[in-house]
Protein chains: 2
Amino acid sequence: MANFHYNPHISVDCVIFGFDDERINILLIKRKQEGKNIYALPGDLVRKGEDLDHAATRVLFELTNLQNLYLEQFKTFGSPDRINDPLDIEWVNSIREHPEVRVITIAYNSLVKVEDVEFAPASFAEEVLWHPIDKPQKLAFDHNDIANTGWAMLREKIKREPLIAFSLLPEKFTLRQLQTLYEAIVGSSLDKRNFRKRMLRNKFLVALEEKQSGVSHKPAQYFKFDEAIYKEDFAKDQWFLF
Amino acid sequence: MANFHYNPHISVDCVIFGFDDERINILLIKRKQEGKNIYALPGDLVRKGEDLDHAATRVLFELTNLQNLYLEQFKTFGSPDRINDPLDIEWVNSIREHPEVRVITIAYNSLVKVEDVEFAPASFAEEVLWHPIDKPQKLAFDHNDIANTGWAMLREKIKREPLIAFSLLPEKFTLRQLQTLYEAIVGSSLDKRNFRKRMLRNKFLVALEEKQSGVSHKPAQYFKFDEAIYKEDFAKDQWFLF
DNA sequence: TCAAAAGTGTTCCATCTACACCCATGT
DNA sequence: ACATGGGTGTAGATGGAACACTTTTGA
């Protein structure tokens, strides 16, 4: 690890969402401490002179080897006692140059295509894993609060801008994948025919020649999301899907 | 000004919205510097050990003498060069104990009923004024960016939770006031009959006995917003007005 | 009696909802 | 031939948009 100069007062934490065709997961990092597995959100101190968004982008890149991801700051957590578990305190003491200072953290949501992720050994992570967003898991620091808030904000956001959901899907996908994704987001099941009708009204969904193969049922059509058509056709606020 | 201990790295800034029955305004503070009037958003450094929300609440209280206001953190601004105007730098040098450190600011939106505000002489403000949100005005630091972002976020938010708009209205108000408010928010005019029909479907809008008086036309019915009925009747996500 | 804003209903059209069967493929 | 998920259309209900006149008051 290069010897960068860090600002000991500010960190970023990332809630990184991925979709595995069934449920929505977030990326967690695992550390071992006193024989226990401790899970946390990926994050890092901001460097001196570094922009906040840049710090988040850097964490994402170190972890997934990906750039140009969907990234949005959603809230800053700065309670004076956000580090209060003895294990967390001990850990902070062991790795930080200035463990005693109050650090506030700027939280970001990010969306990735799981197939693109190459888990990289990052300076701040011993092990990295996907964890279902709806399966409870105790996290370090105030990271449960951060993750829950991020998930709630993402759901709200996607209702207004369903476009961003495509950041979670592969380049080519079936309408079934798209529907399952939306169902995971809204938390209820949707009518297949109505869903297709609404979706196919959107010209930015373009059918590819290609179909599924190797499945033991009627193969599904693949689609892609055409961002250029999207930008042409829609002034941002004019369309709501829900 | 009492000698509190401040954390020189973190500040809060508040975009405080008020509605004067015609347009939406924000609170600005004015300082005089080299014979010029410099306008800025109200804000302050966070104190040592002080929670972020508390700092924002404190700024609001010092300025308006009001408590229990609608308050929502909307974004954190932390660009390393967010203070770059020579006048701003000079001013920071003159009032801060540690003028050289990078300070990131957590921005809050707040909604007040203008009639309740008692402008108070605050430690950080020489003069306080209402300024129309849609009238351009150069502000200090990155406050133009902050105010514009806050206004955009508020408009988005109110589309999803029109409820909060009532924080901008007096306890009793006419449907015309309510409509003008929504028109100011969405930025276009609405059909009177359709607006009333939709609004009066909401049982939390209750008609009072009282009517306007002293107006030289048919006096309007007063209404109030009943928060208890609102909370009973509506699971948060079930109703959209737009 | 005039000016000014309050208040009120209906028709038309677009969109949402509910719902059931045939199709293409692999085993 | 059967199991599996893909793909399709219609009818009824609902909600939004457009639109003009009467009412009440103060001056």
Side-chain angles (χ1 to χ4, degrees), chain A residues 19-23 159-160 162 169-170 172-203 205-224 233-235 237-242, chain B residues 20-23 159-160 162 169-170 172-203 205-224 233-234 237-242:
Chain A
F19 176 64
D20 64 6
D21 282 4
E22 201 173 333
R23 48 212 312 203
K159 284 190 190 171
R160 304 187 88 36
L169 290 175
K172 60 183 188 194
F173 51 84
T174 67
L175 289 179
R176 179 70 245 177
Q177 287 177 286
L178 184 57
Q179 185 178 338
T180 305
L181 172 57
Y182 275 106
E183 288 173 339
I185 291 163
V186 300
S188 60
S189 60
L190 304 168
D191 180 87
K192 180 166 59 162
R193 277 181 286 194
N194 294 334
F195 181 81
R196 285 166 172 254
K197 241 179 304 172
R198 278 183 305 171
M199 275 298 171
L200 293 175
R201 276 211 294 271
N202 298 321
K203 300 214 188 66
L205 260 190
V206 310
L208 304 175
E209 296 300 310
E210 201 177 346
K211 294 192 175 186
Q212 272 183 323
S213 64
V215 289
S216 75
H217 56 74
K218 181 170 177 178
Q221 178 86 240
Y222 279 121
F223 289 80
K224 69 166 187 171
D233 283 12
F234 298 92
D237 261 15
Q238 288 173 337
W239 60 299
F240 290 66
L241 283 183
F242 299 99
Chain B
D20 63 7
D21 282 3
E22 200 174 334
R23 48 212 312 201
K159 284 191 191 172
R160 304 188 86 38
L169 290 175
K172 60 183 188 192
F173 50 84
T174 67
L175 289 179
R176 179 69 247 177
Q177 286 178 286
L178 184 58
Q179 185 178 339
T180 306
L181 172 57
Y182 275 106
E183 287 173 339
I185 291 164
V186 301
S188 59
S189 59
L190 304 169
D191 181 87
K192 181 166 57 162
R193 278 182 286 195
N194 293 334
F195 180 81
R196 285 166 171 253
K197 242 179 301 173
R198 279 183 305 171
M199 274 301 170
L200 293 174
R201 277 211 293 271
N202 298 320
K203 301 215 188 64
L205 260 190
V206 310
L208 304 175
E209 296 301 310
E210 202 178 345
K211 294 191 175 186
Q212 272 184 324
S213 65
V215 289
S216 75
H217 56 76
K218 183 170 177 178
Q221 179 83 241
Y222 278 121
F223 289 81
K224 69 166 186 171
D233 284 11
F234 298 93
D237 262 15
Q238 288 173 337
W239 61 300
F240 290 65
L241 283 183
F242 299 98

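In what follows, every chain begins at residue 1, and chains take the letters A, B, ... in the order their sequences are listed.
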Report summary line: Atom CZ of Arg176(A) and atom P of dT8(D) are separated, to the nearest Å, by 15 Å

Report task. Provide, to the nearest angstrom, the distance between the CG atom belonging to Leu175(A) and the P atom belonging to dG6(D). Result -> 10 Å

Query raised in the report: To the side chain of Pro219(A), which of dA18(C), dA24(C), dG9(C) is closest?
Result: dA24(C)

Report task. On DNA chain D, check which nucleotide each of Asp191(B) and Val215(B) is closest to and give me the residue with the more 5' one. Result -> Asp191(B)

Query - Along DNA chain D (nearest heavy atom to each residue), the more 5'-positioned of Lys218(A) and Gly214(B) - result: Lys218(A)

Report task. Nearest-nucleotide wise, let me know which of Ser216(B) and Lys211(B) is further upstream toward the 5' end of DNA chain C. Result -> Ser216(B)

Query raised in the report: Which residue, Ser213(A) or Phe223(B), contacts DNA chain C at a nucleotide closer to its 5' end, judged by nearest heavy atom?
Result: Phe223(B)

**Report entry** dC19(C) base / Arg193(A) side chain donor-acceptor hit below 3.5 Å
**Finding:** yes

Requested in this report: Please tell me if the side chains of Thr180(A) and Glu22(A) come closer than 4.5 Å, counting only heavy atoms from C-beta onward.
Outcome: no

Report summary line: Closest to the side chain of Ala220(B), out of dA6(C), dC19(D), dT24(D), is dA6(C)

Query raised in the report: For Glu183(B), does the CD atom sit with more than 12 other heavy atoms under 6.0 Å from it, leaving out its own atoms?
Result: yes

**Report entry** Sub-6.0 Å ring centroid separation between Phe173(A) and Tyr222(A)
**Finding:** no

Report task. Give the nucleotide from the list dT25(C), dG7(C), dA18(D) with an atom nearest to the side chain of Gln221(B). Result -> dG7(C)

Query raised in the report: In whole Å, what is the span from the CZ atom of Arg198(A) to the P atom of dT17(C)?
Result: 6 Å

Requested in this report: Identify the two heavy atoms, one from Gln179(A) and one from Lys192(A), that lie closest to each other, and give their separation to 0.1 Å.
Outcome: OE1-CA, 3.7 Å

Query raised in the report: What is the distance, rounded to the nearest whole Å, between atom CZ of Phe195(B) and atom P of dG16(D)?
Result: 13 Å

Query raised in the report: What's the CZ-C1' distance between Arg196(A) and dA18(C), to the nearest Å?
Result: 17 Å

Query raised in the report: Does Arg201(B) place a side-chain N or O at less than 4.0 Å from the phosphate oxygens OP1/OP2 of dG16(D)?
Result: yes

Query raised in the report: What's the NZ-C1' distance between Lys192(A) and dT8(D), to the nearest Å?
Result: 9 Å

Requested in this report: Please step through side chain to side chain contact (heavy atoms under 4.5 Å, CB included) for the pair Phe223(B) and Thr174(B), ending with a clear verdict.
Outcome: CA-CA 6 Å; Phe223(B) 289 81; Thr174(B) 67; 6.0 Å; no

Report summary line: Rounded to whole Å, CD of Gln179(A) lies from C1' of dG7(D) at a distance of 12 Å

Query - Among dT8(C), dA24(C), dT25(D), the one nearest His217(B) by side-chain distance - result: dT25(D)

Query raised in the report: Leu205(A) CG to dG7(D) P: how many Å, rounded?
Result: 13 Å

Query raised in the report: Within the modelled atom types, does a donor on one side and an acceptor on the other bring the side chain of Lys197(B) and the base of dT10(C) under 3.5 Å apart?
Result: yes

